[in-house]
Amino acid sequence: MLTKAPKGTKDVVPEESYKWQYIERTIRKVCDSYGYKEIRTPVFEHTELFERGMGDTTDVVQKEMYTFEDKGGRSITLRPEGTASAVRSYLENSLYAAPQPTKMYYIISCYRYENPQKGRLREFHQFGVEAFGSEKPSIDAEIISLAMTLLNNLGVKGLELNINSIGCPECRKEYNEKLMKYLEKHLDKLCITCKERYQKNPLRILDCKHEQCKEIGKNAPILLDNLCNSCKEHFDSLKNYLAHMNIDYNIDPFIVRGLDYYTRTVFEIISKDIGAQGTVCGGGRYDGLIEELGGSPTPGIGFGLGIERLLLTLEGQGIEIPQCEPIKVFIANIGEKAEIKAQSLVLALRKHGISAEKNHMDRSLKAQMKYADKLGVLYTMVLGEDEINTGKAKLKNMKTGEIVDIELDHLVETLKEL
RNA sequence: GUGGGUAUAGCUCAGUUGGUUAGAGCGCCAGAUUGUGGCUCUGGAGGUCAUCGGUUCGACUCCGAUUAUCCACCCCA
């Protein structure tokens, strides 16, 4: 118990952290080039923010939130996603006063009380991007392109981009009535879960895996065919931008996102080789959200990209992730006097920006060499009484085995040149 | 919340129809004439066989419960 991390959480151990750092580095580079700046918000927020933001009928809000009361009697929730906090901060800090659109990104941990499985954890990490203030389809295209560029820069291949439009509240309401009218006739033939969906979220019935439901869904009206004029224009324009940006996409009229705030553009990027939870990235437009959270009517769009799922994809595709820089030099010592000298030499090297390491265990010279080899250091220097007395030592290149003489007084300069 | 699989060394796994000192490979530590790693060889440390209970003369092995973990449904990143 004491030595077991809570269900659905995972450590990133020192041997693995370089993978995360590489992904984070790549993310920051791409965001810089797109003009998105990082925002950092608290891990927890007032519960109400998420209830209002995601919609209190959604699964996430109803059964997956880590909610507790703090000592002051406030209801607090560990963030299950990033968008609500970003909007809150946008309003609280009057970011709308700056030239629009406001473009920001974040790399955060999120918390949802779910049963863990492949690609699903209770604590997971998300790279998110948000753009507030523009309703132009060009920003939709930019956001999608940012995600695709990141994946491309990481060397990920064969991901599928699916896009859809779920319209604005007006055309969706009209469509919902149409759809429910159609489904009403077949209500008794739907599966149990779809019967529940009928009231809650009839759109999702069209995405059901049951044969019966699929059959019924085939002839159902499709939202994409029932968009109002301005929503249709918006979607057509987005497709046009994507085509001009050479971004391949499929239109999937059955993408239904589980959060209430989405309007118009929704999209998903799917990986086939990471198990049942294939959505690496999901997002869309949320033109009503900022108003819902107390701001003036402001359009917005963004996405969330799961870092764990991204890592699974990279590993699944056998993509090599660059390791961090190896230690430059290991100073092996023989005897107590040399050990003390080694300690200060290592310090001197580090002060000059040269990574250096020494022994901190009871180890023979041979064992120290072995240790240096396992650390993957580039060079090893042996330090004993002789070297201290003569001021000269031998430096071994661990890759080639070549040994050269060096002067202890010029250790820093010599190693800098190597 | 529901369903299925799994649980033996730090890791990956063996363990014969229940039979007494539970094994291998990798990893770790040490040594192979005492000041130079990788390859090889030798030796060593390390396990309440997830936990609790039951059956039995006897359980790592059979049965039950609990817990953990993996996978899937739902939903999502």
Side-chain angles (χ1 to χ4, degrees), chain A residues 1 3-10 13 15 54 57-64 79-83 107-128 147 191-194 196-197 200-201 204 207-210 255-259 262 266 268-271 274-283 302-313 330-335 338 359 361-387 393-403:
Chain A
M1 193 67 174
T3 55
K4 182 82 197 76
K7 192 185 186 83
T9 66
K10 261 199 174 112
V13 294
E15 278 67 39
M54 291 184 284
T57 61
T58 56
D59 274 24
V60 176
V61 169
Q62 279 192 337
K63 41 189 203 197
E64 295 171 4
R79 62 179 168 219
E81 56 111 41
T83 304
I107 300 170
I108 56 171
S109 57
C110 297
Y111 304 85
R112 292 185 197 172
Y113 191 85
E114 295 198 79
N115 263 346
Q117 70 185 77
K118 193 176 173 95
R120 164 181 291 162
L121 293 165
R122 288 185 175 179
E123 181 190 59
F124 63 100
H125 296 79
Q126 220 179 58
F127 158 50
C191 71
I192 304 159
T193 41
C194 279
E196 283 170 26
R197 285 167 173 153
K200 217 173 93 185
N201 197 348
R204 203 170 274 288
D207 199 24
C208 183
K209 281 141 200 144
H210 280 89
I255 295 181
V256 183
R257 316 242 64 244
L259 308 178
Y262 286 114
V266 290
E268 289 178 344
I269 300 174
I270 314 281
S271 170
I274 60 170
Q277 306 305 320
T279 307
V280 173
C281 177
F303 68 73
L305 187 149
I307 310 253
E308 283 87 355
R309 290 184 187 176
L310 177 57
L311 267 169
L312 281 176
T313 306
F330 183 91
I331 300 184
N333 62 271
I334 304 155
N359 179 45
M361 303 292 284
D362 273 329
R363 269 195 264 253
S364 63
L365 176 64
K366 199 183 179 97
Q368 289 184 58
M369 292 301 294
K370 241 180 183 173
Y371 177 55
D373 181 51
K374 272 166 199 156
L375 289 179
V377 304
L378 268 23
Y379 299 92
T380 304
M381 189 186 93
V382 177
L383 190 71
E385 297 261 345
D386 292 352
E387 287 78 7
K394 292 193 190 312
L395 189 72
K396 183 168 191 172
N397 182 325
M398 295 298 273
K399 204 164 202 168
T400 63
E402 181 191 6
I403 295 177

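Chain identifiers are assigned alphabetically (A, B, ...) following the order of the sequence lines, protein sequences preceding nucleic acid strands; residue numbering begins at 1 within each chain.
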Those residues that, when tested against A:Y262, pass ring-ring contact (aromatic ring centres under 6.0 Å, His included) (two or more places apart): none
Integer angstrom distance from the P of B:U67 to that of B:U56: 28 Å
By side-chain contact (heavy atoms from CB on, under 4.5 Å) - contacts of A:I255 (at least two apart): A:N162, A:N164, A:D252, A:R257, A:V266, A:E268
Nearest-0.5 Å distance that lies between atom CD in A:E81 and atom CD1 in A:I108: 7.5 Å
From CA spacing to verdict: side-chain contact (heavy atoms from CB on, under 4.5 Å), A:R112, A:F124: CA-CA 8 Å; A:R112 292 185 197 172; A:F124 63 100; 3.8 Å; yes
Separation of atom CD in A:E15 from atom P in B:G10, rounded to whole Å: 17 Å
Rounded distance in Å between the P positions of B:U66 and B:C26: 41 Å
Whole-Å gap separating C1' (B:C75) and CZ (A:R112): 9 Å
Integer angstrom distance from the C1' of B:U61 to that of B:U16: 11 Å
OP1 or OP2 of B:A72 under 4.0 Å from side-chain N/O of A:R120: no
Sugar-phosphate only, base, or nothing, as touched by A:V280 at under 4.0 Å among non-hydrogen atoms: sugar-phosphate
A:L305 side chain reached by A:V280 side chain, heavy atoms, under 4.5 Å: yes
Gap between atoms CD and C1', on A:E64 and B:C74 respectively (whole Å): 9 Å
C1'-based separation of B:G38 from B:U20 [nearest Å]: 44 Å
Polar atom pairs (N or O), protein with nucleotides 33-39 of chain B, under 3.5 Å:
residue, atom, partner, partner atom, Å
B:G35, O6, A:D386, OD2, 3.0
B:G35, N1, A:E387, OE1, 3.1
B:G35, N1, A:E387, OE2, 3.1
B:G35, N2, A:E387, OE2, 2.3
B:U36, O2', A:K396, NZ, 2.9
B:G37, O2', A:D373, OD2, 3.4
B:G37, N7, A:K396, NZ, 2.7
B:G37, N1, A:M398, O, 2.5
B:G37, N2, A:D373, OD1, 2.8
B:G37, N2, A:M398, O, 2.8
B:G37, N3, A:D373, OD1, 3.2
B:G38, O4', A:D373, OD2, 3.4

Rounded distance in Å - CE (A:M361) to C1' (B:C28): 11 Å
Base of B:A77 paired with side chain of A:E268 (donor-acceptor, under 3.5 Å): no
Separation between the C1' atoms of B:G47 and B:A22, rounded to whole Å: 9 Å
Each nucleotide N or O in nucleotides 69-71 of chain B that has a protein N or O under 3.5 Å away: list the pair and distance.
residue, atom, partner, partner atom, Å
B:U69, OP2, A:K7, NZ, 3.4
B:C71, OP2, A:K118, N, 2.9

Pull out every protein N or O sitting under 3.5 Å from an N or O of nucleotides 42-45 of chain B, one pair per line with the distance.
none

Pairing string, 5' to 3', for RNA chain B - Watson-Crick or wobble contacts under 3.5 Å, brackets [ ] where pairs cross, | to another strand: (((((((..((((.....[...)))).(((((.......))))).....(((((..]....))))))))))))....
CD1-CG distance between A:I334 and A:L365, expressed to the nearest 0.5 angstrom: 4.5 Å
Any residue meeting side chain to side chain donor-acceptor pair (under 3.5 Å) with A:S109, in chain and number order, not counting sequence neighbours: A:Y111
Non-hydrogen atoms of A:G119 and A:Q277 that approach each other most closely: O-CB, 4.2 Å
Same-atom distance (P) from B:G25 to B:A45, integer angstrom: 15 Å
Minimum side-chain heavy-atom gap A:T83-A:M54 below 4.5 Å: no
Donor-acceptor pair under 3.5 Å, A:Q277 side chain vs B:C75 base: yes
Pairwise 5' ranking along RNA chain B for A:Y262 and A:K63, keeping only the more 5' one: A:K63
Set of residues satisfying salt bridge (charged side-chain N to carboxylate O under 4.0 Å, His left out) with respect to A:E114, sequence neighbours excluded: A:R120
Set of side-chain contact (heavy atoms from CB on, under 4.5 Å) partners for A:I403, sequence neighbours left out: A:K394, A:K396
Sugar-phosphate only, base, or nothing, as touched by A:C281 at under 4.0 Å among non-hydrogen atoms: sugar-phosphate
Any residue meeting side chain to side chain donor-acceptor pair (under 3.5 Å) with A:Q368, in chain and number order, not counting sequence neighbours: none
Sugar-phosphate only, base, or nothing, as touched by A:E308 at under 4.0 Å among non-hydrogen atoms: nothing
Interatomic distance at P, B:A14 relative to B:U8, whole Å: 10 Å
Separation between the P atoms of B:U51 and B:A32, rounded to whole Å: 41 Å
Side chain to side chain donor-acceptor pair (under 3.5 Å): pairs with one or both residues in residues 370-387 of chain A, sequence neighbours excluded: none
Verdict with supporting geometry, A:R309 and A:T279, side-chain contact (heavy atoms from CB on, under 4.5 Å): CA-CA 8 Å; A:R309 290 184 187 176; A:T279 307; 4.0 Å; yes
With sequence neighbours excluded, residues passing salt bridge (charged side-chain N to carboxylate O under 4.0 Å, His left out) with A:K63: A:D59
Euclidean distance, atom CD of residue A:Q62 to atom P of B:C74 [Å, nearest integer]: 17 Å
